[in-house]
Amino acid sequence: MGAAVVSTNAVGDQPVFGEPWTRVRRRLRVELGEDVFTSWFGRLELDGVTEGVARLTVPTRFLKSWIESHYADRVLNLFRAECAEVTRLALSVRGSVNRDAITPARPAEPPAPRPAAVREGFAETSIAPPVFEKPVAVTATHRGESSDLTGNPLDSRLTFESFIVGRSNALAHAAAERVARDDGATPLYNPLYLHAGVGLGKTHLIQAVAHEAQRCGKRVIYLTADRFMYGFVAALKAQTALAFKEKLRGIDLLVIDDVQFLQGKSIQQEFGHTINALLDAGRQIVVAADRPPADLEALDERVCSRLAGGLVVEMASLDEELRNRILMARIAAVQSVHPAFSVPAPVVSYVARVITTNGRDLDGAVNRLLAHSTLSGSEMSLETAEAAIRDLVRTKDPKRVKIEDIQKLVASRYNVSRADILSERRTAAVVKPRQIAMYLSKILTLRSLPEIGRRFGGRDHTTVLHAVRKIEKAVGDDSALNEEVELLKRMLQE
């Protein structure tokens with residue numbers, strides 16, 4: 001008889017492990033901060049518990065190996081604290097045949113992650129149908145050259161030809177094309193720094209740069225931040241750090257995606273040394289992130305300064321005309337596989353008008369329309385389209401609140417200076433607004449507790465956590481304070 005598996009769902013008299021796992025995730029989020037938690041644990045799921053072994057799953061081999069190498073003991077200790085029955089962890093890739101490998105087992109060499117566009121969903125503004133054929137991986141190192149360091153594979157669909165240009169991304173597109181095709185001795189716009197929200201095309205554009213530069217015969221490495229971190233840590237363990245550094249410094253173009261996820265002092269130092277070495281040697285650097293360099297609070301100030309020293313371009317939200325063109329291109333791509341699929345022009349206009357978020361939601365809308373067309377067999381109308389994409393129609397995103405804005409508003413409200421809030425003063429007139437400002441920083445921004453502490457005069461994350469908990473309790477007990485805090489929230493979000 002096989003071993004009994006305890007599911008996270010309640011069945012009969014079986015214990016339920018969903019609640020302990022929820023508490024483990026909550027503690028990880030508090031201890032590590034929002035950015036680290038989202039990067040490494042956002043897609044970690046509990047599959048069940050078998051004879052004391054908690055079986056966890058992740059979507060990629062890279063996440064599996066990274067969590068095993070860096071966080072396995074922490075996750076196990078937290079799980080034991082919440083549920084004494086758990087004695088071991090088994091981490092596996094969802095869909096993998098071998099689901100019983102226990103956590104201490106570690107890979108002999110770093111696995112190559114899947115292309116960014118495949119890992120995260122559809123190409124951000126690509127017109128190629130991403131779900132019907134497997135993308136061809138293009139090696140991110142110069143052909144014929146071997147090295148211990150390999151970049152992330154490039155997605156063959158993410159090229160300049162498939163990128164749809166509009167007012168919101170025209171400057172970024174022009175700068176990217178100029179950098180990719182430049183053959184001069186002195187690089188242009190170095191580094192080129194592109195920043196945008198999710199699904200607005202930055203990954204597409206920087207991969208297009210890598211494709212075009214390779215076509216021109218340049219030595220190119222494309223790396224996501226997590227791949228850079230994994231490569232550096234693996235090189236340290238294998239005592240090949242020198243080869244790692246020499247490889248990075250011997251290329252013509254370095255392309256880094258999601259730089260906001262770089263974590264760890266030694267890793268950030270190595271990244272800074274790499275940036276400096278390449279810039280000093282006249283090599284081109286292209287970087288993408290979800291925020292401008294000045295807002296990369298987790299990165300060393302000197303690194304942020306070097307990144308900001310080139311051309312910084314924001315890719316703004318997609319305007320309605322651009323959304324309409326992306327939809328038409330996406331529909332045309334799907335029609336190449338499903339010729340009977342047809343979307344009337346009024347429906348396309350409706351979808352472009354109500355879905356204002358990003359290109360991935362537009363891809364999701366087309367897939368929902370396709371499912372409705374193929375499964376129901378009825379003609380597409382405004383009414384059916386409205387029902388099909390209802391879950392994608394969102395209210396306008398709230399204003400992005402900055403910690404500096406919170407500090408200034410709270411200081412003004414309580415007749416103290418911002419310098420007082422950042423100081424070491426512990427008088428009641430300063431402590432209360434300081435704690436309120438920390439509380440608002442936690443609930444209105446995505447910054448981690450350590451980041452918030454650093455922005456409040458270099459305080460420890462435990463100080464921030466204490467302030468957050470104290471104000472949370474106070475607003476529940478004091479209606480006047482609750483109204484006061486709610487007013488500050490509304491003022492910051494308007």
Side-chain angles (χ1 to χ4, degrees), residues 39-40 42-43 58-67 69 93 107 109-124 126 128 130 134-143 145-160 162-163 176 180 191-194 196 198-199 201-215 218-235 243-245 247-263 267 270-271 274-275 278 283-290:
S39 300
W40 305 117
R43 292 174 288 177
V58 289
T60 68
R61 288 192 303 152
F62 176 71
L63 271 178
K64 175 180 179 293
S65 61
W66 184 269
I67 293 173
S69 301
V93 180
E109 58 186 34
R114 296 171 63 192
V118 176
R119 185 176 66 251
E120 299 174 358
F122 301 133
E124 292 178 275
S126 173
K134 185 177 180 180
V136 179
V138 180
T139 235
T141 52
H142 190 58
R143 288 173 175 81
E145 186 176 352
S146 61
S147 170
D148 292 335
L149 174 65
T150 57
N152 295 73
L154 297 176
D155 189 329
S156 60
R157 301 164 300 178
L158 304 186
T159 64
F160 286 122
S162 62
F163 189 84
L192 174 60
Y193 187 103
L194 306 179
V198 174
K202 58 185 182 295
T203 294
H204 188 151
L205 205 49
I206 64 173
Q207 286 212 24
V209 171
H211 277 299
E212 183 62 23
Q214 281 188 339
R215 190 186 66 80
K218 297 178 182 178
R219 295 167 295 175
V220 180
I221 287 183
Y222 165 74
L223 294 167
T224 58
D226 55 6
R227 181 64 187 178
F228 180 90
M229 291 188 289
Y230 186 85
F232 180 63
V233 172
F244 177 90
K245 296 177 182 181
K247 176 63 180 178
L248 279 179
R249 287 155 175 73
I251 60 176
D252 300 313
L253 170 64
L254 175 63
V255 182
I256 298 284
D257 199 2
D258 290 329
V259 74
Q260 73 273 7
F261 290 136
L262 278 177
Q263 302 287 337
I267 291 173
E270 178 56 33
F271 179 72
T274 300
I275 293 292
L278 289 173
R283 309 294 170 81
Q284 179 71 55
I285 299 171
V286 177
V287 177
D290 66 352

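- To the nearest 0.5 Å, atom CG of residue L278 and atom CG of residue L254 are 6.0 Å apart.
- Here the side chains of D252 and Q284 are not in contact, with every heavy-atom distance at 4.5 Å or above.
- Taking each heavy atom of H211 and D155 in turn, the nearest pair found is NE2-O, 2.8 Å.
- Looking at residues two or more places apart in sequence or on another chain, you find a side-chain contact (heavy atoms from CB on, under 4.5 Å) between A208 and F160.
- Shown here are the ring pair (Phe, Tyr, Trp, His ring centres under 6.0 Å) partners of F228, two or more places apart in sequence or in another chain: F244, F271.
- Within the 4.5 Å cutoff, side-chain heavy atoms of Q214 are placed close to those of L154.
- Taking all atoms of both residues into account, the shortest heavy-atom contact from V259 to A225 is CA-CB, 4.2 Å.
- A heavy-atom distance below 4.5 Å is found between the side chains of L192 and L194.
- Contact of the H204 side chain with the L158 side chain is registered, since non-hydrogen atoms from C-beta on lie closer than 4.5 Å.
- When every heavy atom of V93 is checked against every heavy atom of K64, the shortest pair comes out as CG2-CD, 3.8 Å.
- Contact detail for Y193 and A289: the closest heavy-atom pair is OH-CB, 3.2 Å.
- Scanning all heavy atoms of the two residues, the minimum distance from K202 to A196 falls at NZ-O, 3.3 Å.
- Using modelled atom types, no side-chain atom of R157 and backbone atom of S162 make a donor-acceptor pair closer than 3.5 Å.
- Heavy-atom minimum distance, L223 versus N152: CA-OD1, 3.4 Å.
- For the side chain to side chain contact (heavy atoms under 4.5 Å, CB included) test with Y222, the passing option among V209, I256, T203 is T203; the others fail.
- To the nearest 0.5 Å, atom CG of residue D257 and atom CZ of residue R227 are 14.5 Å apart.
- Counting only heavy atoms from C-beta outward, the side chains of R283 and K218 never approach each other to under 4.5 Å.
- Here E270 contributes atom CD and L262 contributes atom CG; the two are 11.0 Å apart, rounded to the nearest 0.5 Å.
- Remark: D290 engages Q260 in a side-chain contact (heavy atoms from CB on, under 4.5 Å) (not counting sequence neighbours).
- Counting only heavy atoms from C-beta outward, the side chains of D226 and D258 never approach each other to under 4.5 Å.
- Taking CZ of R43 as the start and CD1 of I67 as the end, the distance is 9.5 Å to the nearest 0.5 Å.
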